Amino acid sequence: MALTLFNTLGRRLEPFQPFNPDKVGFYGCGPTVYNYAHIGNLRAYVTHDLLVKTLKYLGYGVNHVMNVTDVGHLSGDDDSGDDKMVKSAAERGKSVLEIAEFYTRAFFDDLDRMNIARPQVVSKATEHIFDMIELIKRIEKAGFTYEAGGNLYFDISRFPHYGELALLRLDELRAGARTGVDENKRNPQDFVLWFTKSKFENQALSWDSPWGRGYPGWHIECSAMSIKYLGEQFDIHAGGIDHVPIHHTNEIAQSEAATGKHPWVRYWVHNEFLVMDKGKMSKSSGSFLTLQSLIDEGYGALDYRYFLLGGHYRSQLQFSFEALDGARNARRSLLDRVKALSDQAEAIPGAFPAGAEDKSGGEAQKTLDNFRAALEDDLSSPRALAELWSLVRNPRIRAGDALAAAFTMDSVFSLDLRKTALERKEGSGESEESVREIERLVAERAAAKKVKDFSTADRIRDELKEKGIALEDGPGGTVWKRL
Ligand code: AMP
Ligand code: ZN
């Protein structure tokens, strides 16, 4: 079997056939850096990571590009509301640049803690304004735009494929049109390519353009940057399911209008949402969970990664602390199995080499084959995880072979299995128990600080200091390290 992916464009499973297997072009929509990423956002990036690592495991080369939105994203994806960056900066009494830098760093810190590999190219919107203007010029030249009220709009009625990705029907859209959203729009689904000061009098960031001084619409950045780094047609574009009806629909319209090439992107991969008991998690409402808040509660970043891998990316996943407890326990048992296998093995092997002699009568290889088949079946990480479990529990597989196969699987899961085994063998690492105890105390101290019980907080800090642990309080929470 070869890799099949569910393509939102067409809503079906399709065999994956890239333009060039040595250089699969992959663009994943990145964060808007006006606040911390919430744990729902992190589901999107774990999905991208799963996809990239699966492609690499299957032998493809991947060119992964991700944008960082630091201008132009309004609170409504349909051009309504305020600029998220400008609003956040004003609320915090900082410049837009300071806000962008702070939350970009926090974002990559989260990715690192969750073992999410960094993309080859990370491109900031503010550094690609020239590319956006050039692309808008092409769209204008091809006859897809109009100016109204000082803004430049994309005219969706000129683009016959509009809405194909989201299965939108133009006649229905017109019939159900809301009025009063933006008087300048000929069609409610038309969208802004370039804003001038007509929208915001004192926009903090603005650039000169053929349409006046102003700034780009949000959708154009992804089209401009993906085309710049991956070409006018490329293999895979990913993002959360919420991006289907507006953001990605508009990206397609702009890109294909500019280049005249169809389809712009071959495979559209969308992750379903992480949902809370209370419903949707929203970054702009301010009430959401961050990775750091989970860590403050005593969970590891990889517990959350394990939790996410336990659900298929196309199914909604319900978050609860009980479910996260389950993931933490499962990950601990998995690490305990890996430690037990390291104790039994003569030496800690590397990953399972292709064609290695499997002394277990082929059973290690068989679980690897099943693991591969699970991933090839539209990235079924839950089934792939089940194969890892059957591997480490199989008494007929020699410890060294089991470890080697587990490390191979971990090239996709990224749960630090080899690191755990090496630490165990060398006896140089932290024991699980001591780490657990330290994290419990750090969480206890955070809780004390929350209720302004500073004497307890200080007592815990001193207690940890005596054990040789230093605490550092930062904007994202507390980190600890050995002195
Ligand atoms: P943003 O920073 O708001 O542009 O969102 C970053 C990514 O997170 C996008 O791909 C969104 O589609 C995705 N996303 C937002 N909320 C959730 C959620 N609750 N679950 C999964 N993905 C989400
Ligand atoms: Zn995008």
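The structure presented is a predicted model; accordingly, all values stated were derived computationally and were not measured. Just follow the structure's listing: the first ligand is 1, and inside any ligand the first atom is 1.
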* **ligand 1 contacted by His38 (non-hydrogen, < 4.0 Å)** => yes
* **Contact check: Cys222 to the Zn ion (ligand 2), N/O/S below 2.8 Å** => yes
* Is Thr32 close to ligand 1, meaning an N/O of one under 3.5 Å from an N/O of the other? -> yes
* Are any of the N or O atoms of Asp242 closer than 3.5 Å to those of ligand 1? -> yes
* Asked: Between Lys449 and Asp473, does at least one N-O distance fall below 4.0 Å, as a salt bridge requires?
  -> yes
* Structure fact -> ligand 1 atoms nearer than 4.0 angstrom to some heavy atom of Tyr45 are 6 (C), 7 (C)
* Does His247 put an N, O or S atom under 2.8 Å from the Zn ion (ligand 2)? -> yes
* For the ring pair His243 and Trp218, is the centre-to-centre distance below 6.0 Å? -> yes
* Aromatic Tyr146 / basic Arg186 pairing, under 6.0 angstrom, 45° off normal -> yes
* Structure fact -> If we number the atoms of ligand 1 from 1 as shown, the ones under 4.0 Å from a heavy atom of Gly40 are 17 (C), 18 (C), 19 (N), 20 (N), 21 (C), 22 (N), 23 (C)
* Counting both backbone and side chain atoms, is some N or O of Phe273 under 3.5 Å from an N or O of ligand 1? -> no
* Structure fact -> Looking at Glu251, the N/O/S atom that lies nearest to the Zn ion (ligand 2) is called OE2
* Asked: Is there a donor-acceptor pair under 3.5 Å between the side chain of Thr196 and the backbone N or O of Gly150?
  -> yes
* Could you state the interatomic distance from CZ (Arg12) to OG1 (Thr4), rounded to the nearest 0.5 Å? -> 13.0 Å
* Asked: Any idea which atoms of ligand 1 are less than 4.0 Å away from a heavy-atom of Glu272?
  -> 21 (C)
* Heteroatom distance test (Trp218, ligand 1): nitrogen or oxygen, under 3.5 angstrom -> no
* Short list, please: which atoms of ligand 1 are under 4.0 Å from a heavy atom of Pro31? -> 2 (O)
* Structure fact -> ligand 1 to Asn271, heavy atom cutoff 4.0 Å, flagged ligand atoms 21 (C), 22 (N)
* To do: Please state whether the separation between the Zn ion (ligand 2) and some N/O/S atom of His248 is under 2.8 Å?
  => no
* Can you find an N or O of Gly239 that's nearer than 3.5 Å to an N or O of ligand 1? -> no
* Look at Lys53 together with Asp49 and state whether they make a salt bridge at an N to O cut-off of under 4.0 Å. => yes
* Could you go step by step and tell me if Leu205 and Thr126 meet the side-chain contact (heavy atoms from CB on, under 4.5 Å) rule? -> CA-CA 9 Å; Leu205 295 174; Thr126 47; 4.0 Å; yes
* Count the heavy atoms of every other residue, nucleotide or ligand shown that sit under 6.0 Å from CZ of Phe130, and state whether that count exceeds 12. => no
* So, Glu232 and Lys261, do they make that salt bridge, N to O below 4.0 Å? -> yes
* Asked: Do His270 and His248 have side-chain atoms, one donor and one acceptor, less than 3.5 Å apart?
  -> yes
* Asked: Can you check whether Leu274 has an N/O within less than 3.5 Å of an N/O in ligand 1?
  -> yes
